[in-house]
Amino acid sequence: MSAIDKWMETFSRLLARQSSRRSFLATAGAFIIGVGAAPLLPVARAHAGTGEEGDPTRCDYWRYCAIDGFLCTCCGGTTSSCPPGTVASSVTWVGTCRNPTDGKDYIISYNDCCGRSGCGRCTCQRDEGDRPLYRTDSANDINWCAGSSADIVYNCSTAVLMGVSTGD
Amino acid sequence: MSAIDKWMETFSRLLARQSSRRSFLATAGAFIIGVGAAPLLPVARAHAGTGEEGDPTRCDYWRYCAIDGFLCTCCGGTTSSCPPGTVASSVTWVGTCRNPTDGKDYIISYNDCCGRSGCGRCTCQRDEGDRPLYRTDSANDINWCAGSSADIVYNCSTAVLMGVSTGD
Amino acid sequence: MRVWSSIAIAALMLVMAPATADELQPETLHVEKVPDGPRDHWIWIGDLGAQHNVDTRAMLFDADKGKMLGMLSTGFWSAGVLLPKSTGNVVALETFFEKGTRGPRHDYVTVYDPRTLLPLHEIEVPPRRMTALVQTRMAGLTDDDRFVAITNFTPRQTMTIVDLQKNRFVAETDTPGCGQIYPAGPRRILLLCGDASLKSMVLDDNGKVVKQTDGKPFFDPFADPVIVHAVRAGDDWLFVSLAGYIYQVDASGDEVKLREKWSLLTDGERADGWRTGGYQPLAVQKKDGLLYALMRKGPESTYEEPGDAVWVFDIATHKRVAEFDLANATLAIEVSQDANPIVYGASMKTVVPYWSLVALTLLGQKFEQLDVVKPALDVYDAKSGKLLRTVDHVASFATSLKQP
Amino acid sequence: MRVWSSIAIAALMLVMAPATADELQPETLHVEKVPDGPRDHWIWIGDLGAQHNVDTRAMLFDADKGKMLGMLSTGFWSAGVLLPKSTGNVVALETFFEKGTRGPRHDYVTVYDPRTLLPLHEIEVPPRRMTALVQTRMAGLTDDDRFVAITNFTPRQTMTIVDLQKNRFVAETDTPGCGQIYPAGPRRILLLCGDASLKSMVLDDNGKVVKQTDGKPFFDPFADPVIVHAVRAGDDWLFVSLAGYIYQVDASGDEVKLREKWSLLTDGERADGWRTGGYQPLAVQKKDGLLYALMRKGPESTYEEPGDAVWVFDIATHKRVAEFDLANATLAIEVSQDANPIVYGASMKTVVPYWSLVALTLLGQKFEQLDVVKPALDVYDAKSGKLLRTVDHVASFATSLKQP
């Protein structure tokens, strides 16, 4: 379930209240079910031979399960490269995401790209396994540009594949 | 006619085209007339004894006829004062606006307030009598903070009443 | 100055008649001061600027009038403001780069005059301040308002101490494994550590750490971590966990200890996925000992997504005494401390009505959630939960609230 | 480093198995370069940042792929980029304040490498650059790409010359009454003056002004002023007036003269209120000698509001040869110069469909126009006017377009 779908859920609940309070919509329940069922992010296409499916410029792409930021794929970079003119952070947080193609769990390193203002495109907050700041290994709220030579100016986030997880 | 109403006009025309192209709305004409007639900014209240009517926090207020920027009345200032922490520009552009209460034309000085980031509230573009940059006396596109001790950081715009215009 | 001066003179000599009795009188441009009077319902909104986090701000609003009173420009990714009650000053943690986004970095603790909002002191500190999506608890004031403690992260963890009486940087201390800051006495602060303990540090008159006491882990950082935002009730600090438990710690002794663990939720509510939401989900109304919690329903990974309800608890009895729904998806709440308390909500208000967005979705139209919301300040009666007003366009991305 | 280091080591030593043949292979993080290949359909978008004009940018897009290639952070209220063809470099006019929005101001002409987008040279210039809502013509390159001329306004009007071969500031010259800059020869620029003339200035090898020739007024700045954005066709510059006339000036001789005045509009269209709209309403497709004009209908005071149609004129015959409607309200247009030309539009796309906004208005719902639009890049086939694609989220406030 993507962040957008999840947020839509919040909206739907707010709607339900407004509806019942104001009696605006007689069929509020139907609306809510309808929204929940609406395929907001239906894209799923396989990359021939790569063992991956999905669109890396969309928030529902499998590697982004624990991300929070702007997707570098929309900013001049890729899932494993920073846009021109930026600097890659050297330390970062990691997440474990399941690749739907092979059903395996992979370790993903969400390195930030730094030294240019926030790209502002493809905002993506998924937060699966995200932990508060004192759990630095798993905290996506931290501006990880802190560890880069460009210092703390944040541009976008990558999702670099590190290897298969053997479980935790 | 306020900037918002005017812009709505552009939208309505775009709509008309989309409608006719896509045959989405059978009653496009009615929609457009409806929008044109919709009282988007209906507030008009008289300030007792001041000889002015209207709401200085709204773009349709009479003094803002030639303004382009954020209204200081929404940012901690008034029509004749800058928000705390800012610096008033010393040079500026002027406009001539008709006061609906007494039917007279007044000279309005649109001094910018400077030294803090753009306030971002109550954006208002009306541009009556606005002239290109080389007509510096009437050019609201110029960042007039250039003349202030805080230099060019723009926060918001005032609309200071200078006097009655004897015509031009 | 040929042409320009002729035009300029034309502008300056614009044909103006002397004002007569029935005409509006000419005005003189001036700069406002922040007004006097009760500040019970004033609120500082911390704006992280969304993609423009080079340009963060702190915006001051009068919630009764729904009016903006002024703003600070606080540079790159600020951590909101600190508000020492004894001076009334406004203290901001500011970061600048010499060339906007590049070049050497400079961090300041800037002290602003509360009436003019002009800088009184710009105290340069080591350029190592931690920046995170959560702005809360990145710095703290000692209870006597004398010292500011700041969390640093490079990713080495240290703490900077600034003296607000002498207006100078005091020292940077290593604080391995520990970060966020919680005041706990005139010259004492607590740091939240990765092993789930609170370390106590006592400062002397010069700001030097003269006593350190390690705490014991008071929660399980793996099974049920607490968020770093916490609230104070007397000598206690109340932390909330992702599973909806309150870890109430007693900070009165040298060693910080868990006083009790209690639940915001029934087992059924927990099973349904209720938990707190947003970046600043807790607030305490001191007089009546009430805890206001911003709530949402959803999987654990949504613990920072906006909440849509406020539940009110009696801190002494742990009973839920009230609840109310919010008008908009909300990221932070605060409550006022006067006799007629209000609840502030930093929300993401939709730019068109909710129902129209749902209707559009059902019609197969696509739009992006973040495109259809704008930050607003919602004001509720704290007793009835009634929405009193919504103030629009308060920020680009409002994640924190602080009451003077 | 007690706790932190233990957690960090845990993170670094995360249990990872060696990759097998059928598993995805580990990747190495790196930094991209701007790709090689045809740049015929690339476009730089100038972003003024709306209320965040401390943080302006220039964003590079591939219009065929609808893909962002990279961006520059250009500091406070930049004036877009200049693109010297001979070097391929990207030149930005940047302004910074030592403390974000306060403290000493520094202006730079920064030269970026076109492949790495990293600064090659940061040439400090007098901190007096003019800033205006219109970004166009605030600076210009001589045709040989050797010198940059910059308009200053304090409000004293001067001009700064920078040498792009020696990468140094050359001089600041008084240019009373004159401002915007139009190249007109290898070492020659024209300045638009308040008396409606174009002053010619010739530079020597050191960037020194060695010849100045005043022009005659070529339009009436009071009755029918031209906008400062203008386009070049051969030796001519084409200016458009608020009443929809083209003032085509011949810049080949020492003294700039009006070649002819012709009309974009019929008398009927003029009476209906048609005129150009937005901040950058003209573009020239050189091969076929076509002028693309962004049009709107409305009173004179709306001359900078977004346009909703493009009209195409044969510059030689002055005849309108084509027209097409735009998908979104548009603030700037540009046209490519290849065999299959496209028209770029910097637009304000509604976040939900137009018709739903109209429907909501009819239902009595209120919303703010600026709340329901986001900047987009629209790409049209220049011959058919067909919308090829719309790229969303290209900026905060896009007011200028420049083709490499």
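Computation of the quantities below employed the complete heavy-atom set of this structure, encompassing side-chain atoms and omitting hydrogens, waters and symmetry-equivalent molecules. Numbers restart at 1 for each chain; the letters A, B, ... are given by sequence-line order, proteins then strands.
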* **Atom group of C:D113 that falls short of 4.5 Å from chain B, counting heavy atoms** => neither
* Do B:C82 and C:H30 have side chains that get closer than 4.5 Å, going by heavy atoms? -> no
* Contact part of C:L69 toward chain B, heavy-atom cut-off under 4.5 Å: side chain, backbone, both or neither? -> backbone
* Would you check if the side chain of B:S89 reaches a backbone N or O of B:C113 as a donor-acceptor pair within less than 3.5 Å? => no
* Asked: Which bit of B:N155 is near chain C, if near means a heavy-atom gap under 4.5 Å: side chain, backbone, both or neither?
  -> side chain
* Structure fact -> When the 4.5 angstrom heavy-atom criterion is applied to C:L72 and chain B, the contacting part is both
* Asked: Any chance the rings of B:W144 and B:Y154 have centres within less than 6.0 Å?
  -> no
* **Donor-acceptor pair, side chain of C:S336 and main chain of C:I342, under 3.5 angstrom** => yes
* **Between B:S117, B:G85, B:G76, B:G118, the one whose heavy-atom pairs under 4.5 Å with chain C are most numerous** => B:S117
* To do: Examine whether an atom of C:T28 lies under 4.5 Å from a heavy atom of chain B, and if so say whether it belongs to the side chain, the backbone or both; otherwise answer neither.
  => backbone
* To do: Against chain B, work out which of C:H393, C:K33, C:M71 has the most heavy-atom pairs shorter than 4.5 Å and name it.
  => C:M71
* **Option in C:Q25, C:M68, C:R115 with maximal non-hydrogen atom pairs under 4.5 Å from chain B** => C:M68
* **Pair C:S347, C:D378: side-chain N/O donor-acceptor within cut-off below 3.5 Å** => yes
* **Contacting region of B:C119 [heavy-atom separation from chain C under 4.5 Å]** => both
* **B:S81 and B:T78: side chain donor to acceptor below 3.5 Å** => yes
* Asked: Do the rings of C:H41 and C:Y344 sit parallel, tilted or perpendicular, given the 30° and 60° boundaries?
  -> perpendicular
